[in-house]
Every structure is written in structure tokens, then in C-alpha cells.
Amino acid sequence: MTDIKELLLSRIRDVADYPEPGVMFKDITPLLADPAAFTALTDALAEIAERTGATKVVGLEARGFILGAPVAVRAGLGFIPVRKAGKLPGATLAQTYDLEYGSAEIEVHAEDLSAHDRVLIVDDVLATGGTAEAAIQLIRRAGAEVSGLAVLMELGFLAGRPRLEPALDGAPLEALLVV
């Protein structure tokens with residue numbers, strides 16, 4: 001696993017003062033542009049999907065779509081997008097969650113998940129955990145089980161893991177990198 005961690009870290013670019021002064025943004029676009037690194041990432045996340053017994057992969061808008069869709073294909077599973085409110089046509093389930101200033105809402109097509117599904121949530125970064133926690137609630141409200149949460153990178157200093165562990169109720173939270 002050390003080799004893949006080194007490969008992934010070598011393809012993530014730090015961008016200082018983005019999107020605002022004092023923030024060190026972790027840009028994954030160089031990783032996505034490198035076929036070997038993107039394949040290694042996809043394989044590692046697909047292995048987590050298989051190990052957790054997932055039947056579907058949920059990707060969180062927007063970078064979770066980029067990572068989650070190829071993971072689902074690689075693992076032979078269905079892919080379900082969880083989108084910002086108002087982006088999905090037809091009947092949806094919605095979940096509101098708090099942001100630092102205000103709130104946001106995410107949605108999923110209710111008919112895409114069933115009581116027979118075990119869902120792996122995939123995203124690029126775990127920060128404070130607000131969006132992931134809302135996705136966990138949304139998946140359970142749709143009647144499905146959460147098999148785990150897998151992220152490329154966990155920003156440990158933002159304490160998303162302690163927030164999510166009670167919500168995950170024993171399902172694993174796996175981060176390929178912790179920074």
C-alpha cells in the first residue's frame with residue numbers, strides 16, 4: 001500500500017491560498033490526468049467496494065462522480081449519483097445538512113436504491129464530514145444499508161472521522177491518504 005500512497009501523493013498538487021487566503025487546496029486533477037495513478041486509485045477503491053460487500057456505489061457531487069463511476073464499473077456494480085438539490089428530474093429523496101454558514105441539500109432518486117442494496121459511498125476528500133453524513137442519512141432513508149465510506153484523502157485536522165463514525169454505525173471509513 002505504501003507504493004500506491006506514494007504514487008497518489010506524488011500526483012496531488014498543493015495550491016496555496018485557494019479558494020481563499022490561508023487555505024491549502026489539494027488539487028487531484030494531475031492524478032486524474034495520469035492513467036497509471038487514476039487506474040491505481042480506481043483499483044484500490046474497487047477493492048474496498050468488493051471487501052465491504054457493496055451492491056451499489058454512491059458518488060457525491062461532483063468529484064465523487066469522477067471517482068465513483070469507474071469504481072462501480074471496475075467492481076461490476078451500479079452507480080448512483082447523489083446530487084445537489086434541484087439537479088435530478090423526477091421523484092427524489094432530499095436531505096438537508098448544515099454548513100459553516102447556512103445549509104445545503106442533496107438528493108437521490110429514491111427508486112435507485114432498495115432494501116437489498118449495500119452502498120459504498122465514494123468521494124475525493126473527507127473534510128468536516130457534513131456531506132457524507134447527509135448521504136448516509138439519505139441512503140438509509142431510501143431503505144438501503146451503508147456498507148462503508150471510501151475516500152481518496154482525509155483531511156484529519158478537520159475531524160470528519162469522529163463526526164462520521166457514529167453515523168456509520170460500524171461500517172468502515174477508509175481513506176487511502178490522510179493529510
Side-chain angles (χ1 to χ4, degrees), residues 1 3-5 7-8 11-12 28-29 31-85 87-95 97 105-127 129-154 160-161 164-165 167-178:
M1 187 66 155
D3 290 342
I4 187 174
K5 287 182 179 183
L7 174 62
L8 298 176
R11 301 303 187 273
I12 296 171
I28 68 166
T29 58
L31 188 157
L32 299 174
D34 180 324
F38 194 17
T39 298
L41 172 59
T42 300
D43 289 347
L45 293 173
E47 191 276 324
I48 294 169
E50 291 165 7
R51 187 167 12 94
T52 62
T55 60
K56 300 250 173 86
V57 172
V58 155
L60 304 181
E61 189 164 335
R63 289 179 299 271
F65 297 171
I66 297 168
L67 303 185
V71 167
V73 169
R74 180 65 46 92
L77 306 174
F79 176 76
I80 311 295
V82 168
R83 306 242 18 218
K84 294 175 184 170
K87 300 291 184 179
L88 291 171
T92 61
L93 283 177
Q95 183 69 44
Y97 61 101
E105 188 174 46
I106 55 174
E107 295 180 331
V108 68
H109 279 135
E111 71 270 9
D112 291 342
L113 295 170
S114 75
H116 304 289
D117 286 318
R118 290 182 44 83
V119 179
L120 178 69
I121 302 166
V122 172
D123 206 2
D124 65 329
V125 174
L126 172 60
T131 307
E133 184 178 40
I136 291 166
Q137 294 167 347
L138 196 56
I139 290 162
R140 289 194 177 126
R141 285 185 42 229
E145 180 182 347
V146 175
S147 71
L149 170 64
V151 296
L152 164 59
M153 187 174 8
E154 177 181 350
R161 182 176 292 268
L164 288 178
E165 284 176 339
L168 283 164
D169 194 29
L173 191 170
E174 299 200 35
L176 299 179
L177 304 171
V178 178

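We number each residue from 1, following the sequence as shown.
The pair Glu107-Arg83 does not meet the salt-bridge criterion, since no charged nitrogen lies less than 4.0 angstrom from a carboxylate oxygen. One finds a salt bridge joining Glu154 and Arg161 here, because a Lys/Arg side-chain nitrogen approaches an Asp/Glu carboxylate oxygen to under 4.0 Å. Classification of Arg51 and Glu174 as a salt-bridged pair holds, one side-chain N sitting under 4.0 Å from a carboxylate O.
Side-chain atoms of Asp117 come within 3.5 Å of backbone N or O of Ser114 as a donor-acceptor pair. Thr39 places no side-chain N or O within donor-acceptor distance of the main-chain N or O of Ala36, the cut-off being under 3.5 Å. With hydrogens and angles ignored, the 3.5 Å screen pairs a side-chain donor or acceptor of Ser147 with a backbone N or O of Val119. When atom types are taken as modelled, the side chain of Thr55 and the backbone of Arg118 share a donor-acceptor pair closer than 3.5 angstrom.
With contacts defined as side-chain heavy-atom distances shorter than 4.5 Å, the pair Ile48/Val71 does not qualify. Between Lys56 and Asp112 there is no side-chain heavy-atom pair separated by less than 4.5 Å. Taking the side chain as every heavy atom from C-beta outward, Leu31 and Leu152 approach each other to under 4.5 Å. A heavy-atom distance below 4.5 Å is found between the side chains of Val108 and Ile80. The shortest distance between side-chain heavy atoms of Leu67 and Leu32 falls below 4.5 Å. Two residues are said to be in side-chain contact when any heavy atoms from C-beta on lie closer than 4.5 Å; Leu164 and Ile136 meet this criterion. Thr52 is listed as a side-chain neighbour of Pro172, based on a closest heavy-atom distance under 4.5 Å. Using a 4.5 Å heavy-atom cutoff, the side chains of Ile66 and Asp124 are not in contact.
Minimum heavy-atom separation, Phe79 to Phe65: CZ-CA, 3.9 Å. Nearest heavy atom pair, residue Leu88 against residue Pro81, reads CD1-O, 4.4 Å. For Ala75 against Ala49, the heavy-atom pair with the smallest separation is CB-CB, 4.3 Å. Here the closest heavy-atom approach between residue Ala91 and residue Glu111 is recorded as O-OE1, 3.9 Å. Closest approach of Leu60 to Ala135, counting heavy atoms only: CD2-CB, 3.6 Å. Between Leu113 and Ala144, the closest heavy-atom pair is CB-CB, 4.2 Å.
To the nearest 0.5 Å, the span separating CG on Leu177 from CG on Leu41 amounts to 8.5 Å. Rounded to the nearest 0.5 Å, atoms CG (Leu173) and CD (Glu165) are 6.5 Å apart. Separation of atoms CZ (Phe38) and CG (Leu7) is listed at 13.0 Å; rounding is to 0.5 Å. Here Leu8 contributes atom CG and Asp34 contributes atom CG; the two are 9.5 Å apart, rounded to the nearest 0.5 Å. Summarising the geometry, atom OH belonging to Tyr97 is positioned 3.0 Å from atom OG1 belonging to Thr131; distances are rounded to the nearest 0.5 Å. A distance of 12.5 Å separates CG of Leu138 from CD of Glu133, quoted to the nearest 0.5 Å.
When each of Val125, Leu45, Leu126 is paired with Val151, the side-chain contact (heavy atoms from CB on, under 4.5 Å) condition holds for Leu126 and for no other.
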Discussion item. Checking Gln95 against Arg141 for the side chain to side chain contact (heavy atoms under 4.5 Å, CB included) test, could you report, in this order, the C-alpha distance in whole Å, the side-chain angles of both residues, the deciding distance, and whether it holds?
Written reply: CA-CA 9 Å; Gln95 183 69 44; Arg141 285 185 42 229; 3.0 Å; yes
Item to complete: For the pair Ile12 and Met153, evaluate side chain to side chain contact (heavy atoms under 4.5 Å, CB included) and give the outcome as yes or no after the intermediate values.
Response: CA-CA 10 Å; Ile12 296 171; Met153 187 174 8; 3.9 Å; yes
Discussion item. Test side chain to side chain contact (heavy atoms under 4.5 Å, CB included) on Arg140 and Asp169; report intermediate values, then the result.
Written reply: CA-CA 12 Å; Arg140 289 194 177 126; Asp169 194 29; 3.9 Å; yes
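Within 6.0 Å of CZ on Arg63 lie no more than 12 heavy atoms contributed by other residues, nucleotides or ligands.
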